[in-house]
Amino acid sequence: MHDKQFMRETVAEGAKAFKAGKMDRRSFLILCGMAGVATQAVMAGDAHAAANEIVMWNWGGQSEECHGNAIGKPFTEATGMPLKFDTSGPLQGKIKEMVDSGNVTADVCDADLFDAVALGPSGHLEAIDYDVVSKDKTLPDYALEHGVSIILYGYAFVYDTEAYGDTPPNSWADFFDTAKFPGKRSLYKWANGSLEAALMADGVAKDALYPLDMDRALAKIKAMKDDSLYWGSGSEAHSMVVNGEVSMGMVWQNRGKNIENDTDGRYKLVMNEALAMPGAYIVPKGNPAGREAIMKFIATAQEPDAQLQLLDCLGMTPSNPAAFAQIPEGQQPYAITSAMNIDKIAFNDPVWWGENGGDAVNAFLDAIS
Amino acid sequence: MVARPLRRLSPGWILVAPFLALVLTLFLGPIINVLWLSITDPEPGLGNYAALFAEESSLARIIWTTLRICILTTVISVLLGYSIAYAMVHVRDSSRSRMLALLLVSFWISVLVRTFSWLMLLGRNGLVNNSLEAVGLISQPIEFMRNELGVLIGMVHYMVPYAVLPLLASMQVIDTRVLSASRSLGATGGQTFWRIYLPLTKPGLIAAALLVFIISLGFYVTPAILGGGKVLMVAEYISVQLLVTLRWGTAAMLAALMLAGVLALLFVMSRFMKLSTIFGGART
C-alpha cells in the first residue's frame with residue numbers, strides 16, 4: 001500500500017518537475033514506466049498547473065522568434081505571463097485529438113480561420129470573447145465565433161523571367177495557359193488555393209468564387225495535370241521554384257520575397273488575383289491558462305505594432321485595417337493588404353472551407369493522383 | 001525438452017507479468033481502438049468498408065497504386081539484393097567487410113536525406129540531366145523524379161539493404177560441399193545454381209521479400225516528395241484523413257486493412273514454411 005502511495009507521489013512530483021521544465025520528457029516517461037503509471041492519468045489531473053503561462057501551438061521555424069518578439073514581449077510586460085511554444089503544427093486532427101483526450105496542453109493555435117468553422121460547432125474550441133477581442137481590428141468577415149484572423153497569408157504565383165520575360169504572365173488564366181506559356185507548374189497539394197486559382201483561370205470573377213464549383217475547378221486542374229507538380233509544404237514549394245523544376249509556381253505569398261532574393265530576381269512574384277487566407281488564432285476547449293488570459297493575449301496580437309512586426313519578421317500581412325497604411329514601402333509589393341495590392345486580391349471564405357474542406361481535399365487528391 | 005505439466009505458475013511469470021500487461025495494454029489497446037473507430041466513425045456500421053467497393057472509388061485506386069509500387073519495389077530490391085549478397089559471400093573476407101560497411105552506411109542514412117539526394121542527382125536540373133545535356137546526349141531533361149519512376153528509385157534504394165541482410169544470413173550458412181558434390185556429379189554451373197543453390201536460399205528469399213514488402217507498404221516520405229504529389233500511397237492518404245479532413249473512420253479502416261493484409265500474408269507464408277526459420281530462429 002505504502003509503495004503505491006509513494007509511487008504516485010513520485011510521479012506527481014515528476015509531473016511538476018516536467019512541467020516546470022526541470023525534467024526532460026524522456027526521464028519523466030521512464031519514471032512513469034517504472035512506477036507503472038500511465039502518463040495521461042497524472043498529466044490530465046494536473047493540467048491546470050500551467051495556468052501561469054501561455055503556450056502557443058505553431059509551426060516552428062522562425063515563427064517562434066517572431067511571435068515571441070511581436071506578441072510575447074508586450075504581453076509579458078503587461079501581464080507577467082511568459083509565452084512558450086509547441087512547434088509541432090496545429091493541424092485540425094491534432095487539435096481534435098488533444099481536446100478529445102482531455103489533456104489540453106496548448107492555449108492558442110496559430111491555425112486557419114476555416115479550422116474554427118470545422119472544429120467550433122463540435123465543441124472543440126472556446127468561443128472568442130468579443131468584449132476583449134475587437135471585431136474592428138480585423139477584416140469584417142474574419143471575426144468568427146470560434147476564431148479571429150490576426151494575419152493574412154495568401155496563394156500567389158512566381159514566374160521565370162527568363163522564360164517569359166517579354167510577355168510576363170499576370171493572372172491565373174495565364175498560369176493555366178500552357179499553350180501560351182509552355183513549361184511546368186506547381187500547385188498546392190491539399191486543394192486550398194489551387195481550386196480557387198483554377199476557377200479564376202476559368203473565368204469566374206474573384207468576388208464570386210464561393211460556393212466553389214468543384215466540377216469546373218477539377219476539370220481545369222486535370223487538364224493541366226501532366227504539366228503539374230504538387231507541393232505539400234512551403235519549403236517544398238520554394239525548392240521546386242529555386243531548383244528550376246517549374247517555370248511558374250504557386251507559392252505562399254510571404255515566401256515571394258525570399259524566392260526573388262534566392263534566385264537573384266530570376267523568378268518574380270505576381271500578386272494579381274492572389275487568394276488571401278485568414279490565418280487565425282483559435283483556442284482549444286479547456287486551455288490551461290483559462291479563457292480570460294488567452295483573450296487578452298489575442299487582443300495583444302491584434303495591435304498594429306504586433307502585426308507590423310510579424311510582417312517584417314515572417315512576411316505575414318496584417319489583418320487589422322489600422323495597420324494597412326503603415327505597411328513599410330519595402331513590403332508593399334508583397335503584402336496582401338497594402339494599398340497597391342488590396343484591390344487585386346480575392347478573399348477566401350472560411351465558412352465554405354470549414355464546412356466543405358474535407359470533401360474538397362479528397363476530391364482534389366483523387367483528381368491529381 | 002522434457003514435457004512437464006506446470007502445476008503452479010512459475011515465479012518467473014510473476015516477475016514478467018507487469019511488463020507483459022503493460023506492453024499488451026499499450027500495444028493492443030490502440031489497435032483495438034483503431035478497429036473500433038473503423039466501424040463507429042462517423043456512424044456505426046460497415047460504411048467505411050463499403051466505400052472501398054463504391055463505383056469510381058478513389059480508395060480502390062490508391063490501394064492499387066500502393067500494391068503496384070510495393071510489388072515492383074519488392075521484386076527489384078530482392079533481385080538486386082540477391083546479387084549483392086551472392087557477391088558478398090563469394091569475395092575475400094576483407095572485401096566482404098568493406099561491402100558490409102558500405103551497405104550499413106547506406107542503411108543508416110535518414111530517408112529524408114536520401115530522398116533529397118535523389119532529387120539533386122536525378123532532378124530536372126540535377127547532376128545527371130545537366131551532364132547529359134552538356135554533352136549533347138539529350139535536349140530535354142529526362143523526367144526521373146516527381147513521378148512513379150522517382151518513387152520506385154527512392155524506395156528500391158532504401159529497401160536494398162533490407163533485402164541483402166536476410167539473404168546474406170541464409171547464404172552464409174549454406175554448406176558449400178553440396179555445391180561441389182553437384183558439380184562432381186556432372187551438373188553444370190547453371191544447373192547447380194537453379195537446382196541446388198536457389199532452393200537452399202529460399203527461406204532467405206522469402207524473408208527478404210516479406211520484409212521489403214511489409215516495410216514498403218508504410219512508405220510515406222519518399223512517395224510524397226519524389227512522386228510530385230501525383231503518386232498517392234495509403235500511408236500518406238491515412239495521414240491526410242487523420243490530420244486534414246478529419247475522416248478518422250476512413251483512416252482507421254485503411255489502417256485496419258493494412259494490418260489485416262500483413263497478417264494474412266504472414267499466415268499464408270506460415271502454411272508453407274516455419275516462420276521462425278525465416279526470421280532467423282534456431283534451426284532445428
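Throughout, protein chains are lettered first and strands after them, A, B, ... in sequence-line order, and every chain is numbered starting at 1. Note that the coordinates shown come from a computational prediction; the quantities given were computed from them, not determined experimentally.
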Visitor: Where does A/N243 contact chain B at under 4.5 Å (heavy atoms): side chain, backbone, both or neither?
Guide: backbone
Visitor: Of the listed residues (A/S186, A/S228, A/G232), which shares the most heavy-atom pairs with chain B below a 4.5 Å separation?
Guide: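 Sorted descending by pairs with chain B, the first entry is A/S228.
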Visitor: Using the rule side chain to side chain contact (heavy atoms under 4.5 Å, CB included), only one of B/T66, B/T73, B/L72 pairs with B/C70; which is it?
Guide: B/T66
Visitor: Less than 4.5 Å to any heavy atom of chain A: does that hold for the side chain of B/V244, its backbone, both, or neither?
Guide: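 For B/V244, backbone and side chain are both near chain A.
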Visitor: Determine whether B/T65 and B/I69 make a side-chain contact, defined as any pair of heavy atoms from C-beta on separated by less than 4.5 Å.
Guide: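 Yes, at least one pair of side-chain atoms sits under 4.5 Å.
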Visitor: Give, as side chain, backbone, both or neither, the part of A/K225 having an atom under 4.5 angstrom from any heavy atom of chain B.
Guide: both
Visitor: Applying a criterion of heavy atom separation less than 4.5 Å, what residues of residues 125-154 of chain B form contacts with chain A?
Guide: B/N125, B/E143, B/R146
Visitor: Given heavy-atom pairs under 4.5 angstrom as the criterion, report whether the side chain, backbone, both or neither of A/D226 touches chain B.
Guide: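 For A/D226, the contact with chain B is made by the backbone alone.
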Visitor: Counting only heavy atoms closer than 4.5 Å, note whether B/A21 contacts chain A via side chain, backbone, both or neither.
Guide: neither
Visitor: Please state whether the side chain, the backbone, both or neither of A/D359 comes within less than 4.5 Å of a heavy atom of chain B.
Guide: both
Visitor: Would you say that A/Q92 contacts A/D112 through its side chain, given a criterion of any heavy-atom pair below 4.5 Å between the two side chains?
Guide: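 Side-chain contact under 4.5 Å: no.
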Visitor: Counting only heavy atoms closer than 4.5 Å, note whether A/E236 contacts chain B via side chain, backbone, both or neither.
Guide: side chain
Visitor: Charged N to carboxylate O under 4.0 angstrom, A/E162 versus A/R266?
Guide: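 Salt bridge flag = yes for A/R266 with A/E162.
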Visitor: Chain B heavy atoms under 4.5 Å from A/L187: which part of the residue, side chain, backbone, both or neither?
Guide: neither
Visitor: Can you confirm whether or not the ring centre of A/Y210 sits under 6.0 Å from the ring centre of A/W353?
Guide: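 They do not qualify: ring centres at least 6.0 Å apart.
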Visitor: Does a side-chain heavy-atom distance below 4.5 Å link A/L125 with A/I95?
Guide: yes
Visitor: Given B/Y158, which of B/F219, B/W118, B/F107, B/W108 fulfils the ring-ring contact (aromatic ring centres under 6.0 Å, His included) condition?
Guide: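 The ring-ring contact (aromatic ring centres under 6.0 Å, His included) with B/Y158 is passed solely by B/F219 among B/F219, B/W118, B/F107, B/W108.
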Visitor: Let me see the working for A/V158 and A/E260 under side-chain contact (heavy atoms from CB on, under 4.5 Å), right down to the final yes or no.
Guide: CA-CA 9 Å; A/V158 292; A/E260 288 185 0; 5.7 Å; no
Visitor: Are A/L218 and A/D366 close enough that some pair of their side-chain heavy atoms sits under 4.5 Å apart?
Guide: no
Visitor: Do B/F116 and B/I225 have side chains that get closer than 4.5 Å, going by heavy atoms?
Guide: yes
Visitor: Answer with side chain, backbone, both or neither: which region of A/K189 has an atom nearer than 4.5 Å to a non-hydrogen atom of chain B?
Guide: side chain
Visitor: Without hydrogens or angle criteria, can the side chains of B/W248 and A/E97 be said to hold a donor-acceptor pair below 3.5 Å?
Guide: no
Visitor: Sort out for me which of B/L246, B/I62, B/L232 touches chain A most, counting heavy-atom pairs under 4.5 Å.
Guide: B/L246
